[in-house]
Amino acid sequence: MRPKAVVETIRALWIAGDSPAADRIANLLCPARGAGAACPDHFDLTQARSLDEALELLDSHRAIDVVLFDFELAGPAESAALVRLQTAAGTAPVIVLGDEDDDPQAPAAMRQGAQDWLPKTELTAPALARAIRHAMIRKQIEMDLRRQFVRQRRARSRSQRQTAELRARVERLDAENRELDDFVHVVSHDLKEPLRGIHAYCELFADDYRHHMDAAGVDRLRAIMAICARLEKQIGDLSTYYRVGRVKTTAVRVDLNAVVDGQVASLRTMIDRSGGAVRVKGPLPTVQGHPVLLGMVFGNLISNGLKYNRAHRPVVEIGAMAGQPAIIYVRDNGIGIAPEHHEAVFDLFRRLHGRKEYEGTGAGLTIVRKIITGYGGRIWLESEPGHGSTFFFTLPPAANEPLHPPHWARNRNPGRERSPSAPLCP
Ligand code: ADP
């Protein structure tokens, strides 16, 4: 926006009594004034003979661009006069005209907000016109700064209010979470205890009364014990599912090779009993996470690959595909999953098979997905009934991991085979 001071007629209010000196100043801006003509050269001059007359004029919303104030009219309470004038002038700058350039009152007047102090005696028309224009520009800048300051203060107090609201919400949420933690802890312990009691009494009953029961009675007791065990496992899975999302420790660099080695060692009995093998194809990446949670991911996927498997020799293969982030896969040669169930298998307690066919609670994949998505990763699968299943997932790479290409893509070593088996993957 072009400043008004440069382009349009400037409406000046000259506050001065009747004196030759005052007339001289008026004539500097408006030389033709005496002849009753309008002011030439960009100025429109109005004269007020007293401070009160000037204030009345300004209060009546008369449009004024600059106020020129002869300090002789200020009277003994000059600073009060200046403050009143400033307030009434609003956005128009107030220029004070005094006797001398180095008048001792000049600094005080400037501190009261006057835009300039000009010596009446030495003024020339061009100097006065220039001083007026500059004062208007300065005032405009001052007003802009003031508006900016007010906007910033409002924004600051708004953001302080929002921060306080957020803090209160976080505190409420923390309290609710603590309550929920206690609830889950109590529920899981308090529910498991009576279940174990029922289980133990059933065992005692079966022992003490085995000679008084027929085979059907023993079967029913066994069924009760199995239900107790299943319920206890389900409660355990539920509380694991809840706790997985509540891990508070910071994620660290985790070498997935070590994680898989640990899981294979833990599942050794299951692997041997199945007569199968777990193979790792090429080195796995190092990611950002928690070793225990990532162990649960691989533990679940490996054991499912061996469990849902009717192959003569069950094989689970683990590998990683180049990319950013890396895509890790766990592939089996098991029974496979029909495409319409590819999403449902991740639902809590959702099972595709009866317990008699395959043991389980249906919580494993739900927990796996919660861990992966908790790290901002994704999990999906490719599978056809009778053609095995491949679970793919992504995890955030550890800090300082190379971007392109990942080392496991460059370093194609033959992989570490846990036991000899026919190649499973292309
Ligand atoms: P669980 O194994 O305890 O039943 P999961 O959540 O691990 O629970 O799996 C949910 C269901 O998905 C299983 O009941 C099974 O029907 C199916 N499933 C999971 N993994 C596989 C797999 N590798 N091959 C075939 N079916 C699978």
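For ligands, and for the atoms within them, numbers begin at 1 and follow the listed sequence.
Interatomic distance, CZ of F391 versus CD1 of I302, reported as 12.5 Å (0.5 Å rounding).
In this structure, R378 has no salt bridge (charged side-chain N to carboxylate O under 4.0 Å, His left out) partners at least two apart in sequence or on a different chain.
Geometric assessment of R331 against the ring of Y329 yields a positive cation-pi assignment under the 6.0 Å and 45° thresholds.
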Please tabulate, for side-chain N and O atoms in residues 194-212, each donor-acceptor pair with protein atoms closer than 3.5 Å (sequence neighbours left out).
residue	atom	partner	partner atom	Å
R196	NE	E232	OE2	2.9
R196	NH1	E193	OE2	3.3
R196	NH2	E232	OE2	3.1
R210	NH1	D207	O	2.5

Extract all donor-acceptor atom pairs below 3.5 Å that involve side chains of residues 107-119 and protein atoms in other chains or at least two apart in sequence.
residue	atom	partner	partner atom	Å
Q115	OE1	R138	NE	3.2
Q115	NE2	E142	OE1	3.0
W117	NE1	E100	O	3.0

Output block, N or O contacts of ligand 1, threshold 3.5 Å exclusive:
residue	atom	partner	partner atom	Å
ligand 1	2 (O)	N304	OD1	3.4
ligand 1	2 (O)	K307	NZ	3.1
ligand 1	2 (O)	Y308	OH	2.6
ligand 1	3 (O)	T361	N	2.9
ligand 1	3 (O)	G362	N	3.0
ligand 1	4 (O)	Y308	OH	3.0
ligand 1	4 (O)	R351	NE	2.6
ligand 1	4 (O)	R351	NH2	3.2
ligand 1	4 (O)	G362	N	3.3
ligand 1	6 (O)	G364	N	3.2
ligand 1	6 (O)	L365	N	2.8
ligand 1	7 (O)	N304	ND2	2.8
ligand 1	7 (O)	L365	N	3.4
ligand 1	8 (O)	G362	N	3.3
ligand 1	14 (O)	Y308	OH	3.2
ligand 1	16 (O)	L352	N	3.2
ligand 1	16 (O)	H353	ND1	2.9
ligand 1	20 (N)	N304	ND2	3.3
ligand 1	23 (N)	D332	OD2	2.9

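Contact check for D65 versus M136: side-chain heavy atoms found under the 4.5 Å cut-off.
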